Amino acid sequence: MPLDKDFYTNVFDVVKLIPKGRATSYGAIAKYLGASRSSRVVGWAMNQSIKNDSTIPAHRVVNRLGVLSGKIHFQTPNTMQEKLEVEGVVIVKDQIQKWKEVFWDPDVEL
DNA sequence: CTCTTGACTGGTT
DNA sequence: GAACCAGCCAAGA
């Protein structure tokens, strides 16, 4: 598929495809888009997505350890964890439990 | 244009 | 496992 338009747009498209109750990492998305060294930009894209497009489930994107490193960028620091818990994801101390099972790798699943 | 910051990652100590 | 370092790159001052 063509991925040459907007890096951000591609990131948003992938995030929208994350199944309910699953989550992925910034690096996984970056790798899928062929920019594995630009994971920080993926994080920035999420930051923009909240302002521009609230339909994007940014709460399903965490760092490679399954830690909710970006929770404070949501409307409230609880938003991210609560949304994930509603979808069946167990979180203890800002970290996703059974991360290996919850992890959704676009490079494998798509 | 330069400098700093940061929702990251991978490797080393 | 924690702490530190080096790449990486967009946005804002």
Side-chain angles (χ1 to χ4, degrees):
Chain A
M1 51 171 87
L3 298 172
D4 276 34
K5 198 147 193 184
D6 269 331
F7 183 72
Y8 284 7
T9 305
N10 293 326
V11 172
F12 299 153
D13 285 342
V14 174
V15 174
K16 284 180 186 171
L17 294 176
I18 301 175
K20 181 183 178 183
R22 307 288 294 283
T24 191
S25 72
Y26 306 94
I29 295 173
K31 182 181 180 184
Y32 175 72
L33 296 177
S36 55
R37 310 287 173 145
S38 305
S39 44
R40 308 184 86 144
V41 182
V42 177
W44 190 262
M46 292 300 94
N47 195 10
Q48 296 298 301
S49 78
I50 292 183
K51 301 177 184 174
N52 300 328
D53 190 345
S54 53
T55 66
I56 296 177
H59 59 278
R60 295 189 184 137
V61 185
V62 297
N63 70 4
R64 77 178 154 110
L65 300 176
V67 177
L68 312 190
S69 52
K71 51 180 281 184
I72 56 178
H73 293 282
F74 281 79
Q75 303 173 342
T76 74
N78 283 12
T79 308
M80 191 173 192
Q81 176 170 340
E82 289 185 358
K83 291 206 175 217
L84 285 171
E85 288 180 331
V86 166
E87 297 180 355
V89 179
V90 182
I91 299 172
V92 176
K93 295 186 177 181
D94 295 343
Q95 184 168 12
I96 295 178
Q97 303 300 291
K98 300 178 183 175
W99 173 230
K100 284 186 180 177
E101 299 175 21
V102 178
F103 181 59
W104 181 83
D105 188 352
D107 220 17
V108 175
E109 309 280 352
L110 295 182

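When reading the values below, keep in mind they use all heavy atoms of this one structure, side chains included, and skip hydrogens, waters and symmetry mates. Keep in mind that what you see is a predicted model, and the values were worked out from it rather than measured.
- Atom P of nucleotide B:dA7 and atom CD of A:Gln95 are separated by 18 Å, given to the nearest angstrom.
- Using a 4.0 Å heavy-atom criterion, one finds that A:Asn63 contacts the sugar-phosphate atoms exclusively.
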Shorter than 3.5 Å, N or O on both sides, protein versus nucleotides 10-13 of chain C: list them out with atom names.
| residue | atom | partner | partner atom | Å |
| --- | --- | --- | --- | --- |
| C:dA10 | O3' | A:Tyr8 | OH | 3.1 |

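- A:Phe7 has its CZ atom 9 Å from the C1' atom of C:dC9, to the nearest Å.
- Atom NZ of A:Lys31 and atom P of C:dC8 are 18 Å apart (whole Å).
- One atom, NZ of A:Lys93, and another, C1' of C:dA2, lie 15 Å apart when rounded to the nearest Å.
- Contact between A:Lys20 and A:Arg60 at its shortest, heavy atoms only, is CA-NH2, 3.7 Å.
- Taking atom CG on A:Leu33 and atom P on B:dC8, their separation rounds to 17 Å, with Å as the unit.
- The NE2 atom of A:His59 sits 8.5 Å away from atom CD1 of A:Ile18, with the distance rounded to the nearest 0.5 Å.
- Residue contacts for A:Ile50: at a heavy-atom cut-off of 4.0 Å it reaches a base atom on one of the strands shown.
- Between A:Ile91 and A:Met80, every side-chain heavy-atom pair lies at or beyond the 4.5 Å cut-off.
- One finds a side-chain N or O of A:Ser69 lying less than 4.0 angstrom from the OP1 or OP2 phosphate oxygen of B:dC8.
- Evaluation of the side-chain hydrogen bond (donor to acceptor under 3.5 Å, both in side chains) rule for A:Asn78 yields no partner, not counting sequence neighbours.
- Counting any heavy atom pair closer than 4.0 Å across all strands shown, A:Ser36 reaches no nucleic acid atom.
- Looking at A:Gln97, its side chain does come within 3.5 Å of a backbone N or O of A:Gln95 through a donor-acceptor pair.
- Rounding to the nearest 0.5 angstrom, the gap separating the CG atom in A:Leu17 from the CG atom in A:Leu110 is 6.0 Å.
- Taking the side chain as every heavy atom from C-beta outward, A:Phe12 and A:Asp53 never approach each other to under 4.5 Å.
- To the nearest 0.5 Å, the span separating CE on A:Met46 from CZ on A:Phe74 amounts to 9.0 Å.
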Check nucleotides 10-12 of chain B against the protein and report each pair of N or O atoms closer than 3.5 Å, with its distance, or say if there are none.
| residue | atom | partner | partner atom | Å |
| --- | --- | --- | --- | --- |
| B:dG10 | N7 | A:Arg64 | NH2 | 3.2 |

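- Contact of the A:Phe7 side chain with the A:Val42 side chain is registered, since non-hydrogen atoms from C-beta on lie closer than 4.5 Å.
- In this structure, the CE atom of A:Met80 is 7 Å from the C1' atom of B:dA7, given to the nearest Å.
- Atoms OH (A:Tyr26) and P (C:dG7) sit 24 Å apart, rounded to a whole Å.
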